[in-house]
Amino acid sequence: MLKNNIPNGNIEDKWKDHVFASRLVNPANRKKFSVIVVGSGLAGASAASSLAEAGYHVSLFCLQDSPRRAHSIAAQGGINAAKNYKNDGDSIYRFFYDTVKGGDYRAREAGVYRLAELSLKVIDHCVGIGVPFAREYGGYLDNRSFGGTQVERTFYAKGQTGQQLLLGAYQSAMRQVSEKNIVLHTRKEMLDLVLVEGKARGIIVRDLLTGEIESHSADAVILATGGYANMFYLSTNAKPSNGTAIWRAYKKGAAFANPCFTQIHPTCIPISGEHQSKLTLMSESLRNDGRIWVPKNLNDKRNPADILENERDYFLERCYPSFGNLVPRDVAARSIKRICDDGFGVGASGLAVYLDFKDKIQKNGKDILEEKYGNLFQMYEKIVGDNPFSNPMKIYPAVHYTMGGLWVDYDLMSTIPGLFVLGEANFSEHGANRLGANALLQGLVDGYFIIPVTLGNYLAQTNLKPIKNNLAEFQDAQNNVKNNTNKLINIKGSKLADEIHEKLGKVMWNSCAMARSQEKLEHALSEIKKIKDEFWNDLKLPQSTDTMNQELEKAARVGDYIELAELMCLDALARKESCGSHFREEYQTENGEPKRNDKDFAHIAAWIYKGNARPERFIEDLSFEHCKPSQRDYR
């Protein structure tokens, strides 16, 4: 069922040999092929620009009024590459090893090695298109550290690396728009995938301004729509970010891999009240210069300035002396939760710890920090109303990123021929836990360097008949979307989508977030059934379908989230081990660290939709020839 199509040979040669063995489309023939790209973030914009530059006709779809508003713009800390500019022992192989280990040995070695290998090209390409990375006094590109590594390999642009990278990809895409190689469709949301003779040949979208349901055809479809962290209601993702495109593709036959692997970011601004619709990330890069601590005394509510040094517990440095504050995200997040659960948390709620820059300010001065992180400090002060130069930041973990997603093979193609999935929308190379600064890298590697090769290989050897969007398959899909939309409108209940979504998010946060157990997951499944009944019987939607209707948009996404939440809990129940971000309370070491079961669960779990029946679980076994699985130890 799951053929990963990983090439044979030495791991160092797999991608190079695969590129050479892949069939090509003659430059003169590329103009005969059309490609749909859904999503305009780093993965989507880089893929669209690269494919259009190569000569394909590209249709680029995005939810927003401009591709510049894609959520990639919110990424703060940096992008990894094994350039070894600091001469501190970094290499492609060390990057590869750090990523496999950081993901708790739940990723394919071949894909991770390719990610590390192509990281070198990504940085060169981004510099070439004008991305203003930070530089040292001599003009060389600067690097900083991130969690889970003992080298400095992260390239950055203050605290706005995602913005600068996205603007680079956006400019490349807009150049192709002006050349008429890309047709840009803004304010369109994909609501279904169209298959013709078993292959992905188009999509159904809703115009978010007029409500019109449209169909679009192509020779291949690329999904680059990001992850599904907003299922939890409160996350660091932008509110429009959603999982509908990949979920609708799953319901058309695309396997969904490792849905329970959800990353909790350790350094976020804590929840301040019921009024919030999202949470705000404080970049992991701040852990380079800030020290995380709590008072040694239980329920100590004194001003942090009044707590003496010997009364402070720098618990990450105490527990993990080798990595200190730069342990991987899953380790840091669990440690923060544990210390707060034990009663040592700070702030009114007790659900926060301090991230303190006092030592760095005393050593290097305020100006150095301002130069490196200025916008992050400004953002924190505007949101919290406290100056982080004078008082420590308060931070607490929050849902941030999803390692699960649609299953793809080595070519980034799903189980549906012609449907390619890029960036966070696929199940990725991050295993059970993503190392910081690898997300931006994966999106750009997929879009700039992998998909131009693998899409060409697919098109060159596939017999694709010319089609138009007047085929029965398109009409059926369009009617199905209209019927589902009318079904939502006609419920005429009393609860808005946000109310139901918030209830779902609380259930999932309590049962399938930082700590899971059989009891919690089974309880969540029973609660989700009740939420589903409430949704389909008591949903309230004002206005109609044939106009701008943001409540309708939210409701459709919440309906998908409810079904996805069920799959996440099933996946978490089936994986009877702890690994990375998937922490089952029944499976932990004496030190409270995840306890893997390599004998039974060294695999990728992929689920196939079976209608009203329980989805079917398939596995892709993982083999480790170079990174022998061992207990992750950052002490």
Side-chain angles (χ1 to χ4, degrees), residues 76-77 147 158-159 234 236 264-276 278-321 323-327 329 331-398 400 514:
Q76 298 167 351
K158 283 196 173 182
L234 288 179
T236 65
I264 314 294
H265 198 293
T267 55
C268 300
I269 297 177
I271 296 173
S272 61
E274 293 293 323
H275 63 283
Q276 283 182 271
K278 75 175 297 291
L279 296 171
T280 303
L281 171 71
M282 287 287 103
S283 170
E284 180 179 319
S285 62
L286 292 170
R287 290 198 273 152
N288 274 295
D289 295 305
R291 301 177 70 193
I292 293 174
W293 65 275
V294 292
K296 288 183 178 179
N297 298 323
L298 277 171
N299 301 310
D300 191 336
K301 300 302 181 184
R302 287 180 291 168
N303 188 301
D306 296 331
I307 301 175
L308 301 177
E309 195 67 24
N310 63 1
E311 297 177 308
R312 302 179 176 192
D313 181 11
Y314 296 93
F315 57 93
L316 290 179
E317 298 172 33
R318 171 172 57 83
C319 295
Y320 306 99
F323 284 74
N325 294 294
L326 287 173
V327 290
R329 290 176 176 176
V331 177
R334 279 193 299 274
S335 298
I336 292 169
K337 181 182 186 297
R338 191 180 300 125
I339 208 94
C340 291
D341 288 348
D342 290 342
F344 294 94
V346 302
S349 67
L351 297 177
V353 299
Y354 290 126
L355 178 58
D356 198 338
F357 299 91
K358 173 177 65 71
D359 292 350
K360 186 61 69 170
I361 291 172
Q362 288 177 352
K363 180 181 178 182
N364 295 335
K366 174 183 172 183
D367 292 346
I368 297 295
L369 283 181
E370 218 161 15
E371 183 179 345
K372 290 172 73 174
Y373 310 112
N375 63 306
L376 296 177
F377 282 70
Q378 292 167 13
M379 189 191 314
Y380 181 89
E381 186 169 7
K382 284 183 178 180
I383 292 171
V384 178
D386 195 14
N387 184 351
F389 288 113
S390 304
N391 298 308
M393 288 182 178
K394 293 187 186 77
I395 59 164
Y396 192 73
H400 178 58
M514 277 194 283

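Note: hydrogens, waters and symmetry copies are ignored here, and every other heavy atom, side chains too, is used.
Looking only at side-chain heavy atoms (C-beta outward), His400 and Arg329 come within less than 4.5 Å of each other. Residues Lys337 and Cys340 are not in side-chain contact: their nearest non-hydrogen atoms beyond the backbone lie 4.5 Å or more apart. Looking at Ser283 and Tyr373, their side chains never come closer than 4.5 Å, going by heavy atoms from C-beta outward. Between Ile264 and Arg334 there is no side-chain heavy-atom pair separated by less than 4.5 Å. Using a 4.5 Å heavy-atom cutoff, the side chains of Pro392 and Leu355 are not in contact. Side-chain contact check for Trp293 versus Val353: every heavy-atom pair is 4.5 Å or farther apart. With contacts defined as side-chain heavy-atom distances shorter than 4.5 Å, the pair Pro397/Ile336 qualifies. Taking the side chain as every heavy atom from C-beta outward, Ile271 and Tyr396 never approach each other to under 4.5 Å.
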Quiz item: Does the side chain to side chain contact (heavy atoms under 4.5 Å, CB included) test come out yes or no for Tyr380 and Lys394, once each step is laid out?
Solution: CA-CA 10 Å; Tyr380 181 89; Lys394 293 187 186 77; 3.9 Å; yes
Practice problem: Tell me, with the steps shown, if Leu326 and Asn288 meet side chain to side chain contact (heavy atoms under 4.5 Å, CB included). | Solution: CA-CA 7 Å; Leu326 287 173; Asn288 274 295; 3.8 Å; yes
Quiz item: What's the verdict on side chain to side chain contact (heavy atoms under 4.5 Å, CB included) for Lys158 and Leu376, showing C-alpha distance, side-chain angles and the deciding distance?
Solution: CA-CA 9 Å; Lys158 283 196 173 182; Leu376 296 177; over 6 Å; no
Quiz prompt | Derivation and outcome, side chain to side chain contact (heavy atoms under 4.5 Å, CB included), residues Tyr314 and Ile292 | solution = CA-CA 6 Å; Tyr314 296 93; Ile292 293 174; over 6 Å; no
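Pro388 and Met393 make their closest contact through CB-CG, 3.8 Å (heavy atoms, listed as atom of the first residue, atom of the second, distance). Residues Gln276 and Leu234 share a closest heavy-atom pair of O-CD2, 3.6 Å. In plain terms, the two heavy atoms of Asn310 and Lys296 that are nearest each other are O-NZ, 3.2 Å. Heavy-atom minimum distance, Lys278 versus Thr236: NZ-O, 3.4 Å. The two residues Val327 and Tyr320 come nearest to each other via the heavy atoms CG1-CB, 3.5 Å. The nearest pair of heavy atoms linking Ser272 to His275 is OG-CE1, 3.2 Å.
Between the CE atom of Met282 and the CD1 atom of Ile269 there is a distance of 4.0 Å, given to the nearest 0.5 Å. The CG atom of Asp306 lies 15.0 Å from the NZ atom of Lys301; values are rounded to the nearest 0.5 Å. One finds the CZ atom of Arg291 at 9.0 Å from the CZ atom of Arg312 (value rounded to the nearest 0.5 Å). Of the inter-residue distances, the one linking Ser390 atom OG with Glu381 atom CD reads 8.0 Å to the nearest 0.5 angstrom.
The backbone N or O of Ile395 lies less than 3.5 Å from no partner atom in the side chain of Thr267, so there is not a single donor-acceptor pair. Arg287 places a side-chain N or O within donor-acceptor distance of the main-chain N or O of Asn325, the cut-off being under 3.5 Å. Put simply, the side chain of Asn303 gets close to the backbone of Ala305: a donor and an acceptor are under 3.5 Å apart.
Taking the ring-ring contact (aromatic ring centres under 6.0 Å, His included) definition, one finds that Phe323 meets it with Tyr634, sequence neighbours left out. Residues passing the ring-ring contact (aromatic ring centres under 6.0 Å, His included) test with Phe357 are Phe377, sequence neighbours excluded.
Around the CD atom of Glu309, the shell of radius 6.0 Å holds more than 12 heavy atoms that belong to other residues, nucleotides or ligands. The environment of Lys382 atom NZ is sparse: at most 12 non-hydrogen atoms of other residues, nucleotides or ligands sit within 6.0 angstrom.
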Side-chain donor-acceptor pairs under 3.5 Å in residues 361-370, sequence neighbours left out?
none

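In summary, Asp356 and Lys358 do not engage in a salt bridge, as defined by a charged side-chain N under 4.0 Å from a carboxylate O.
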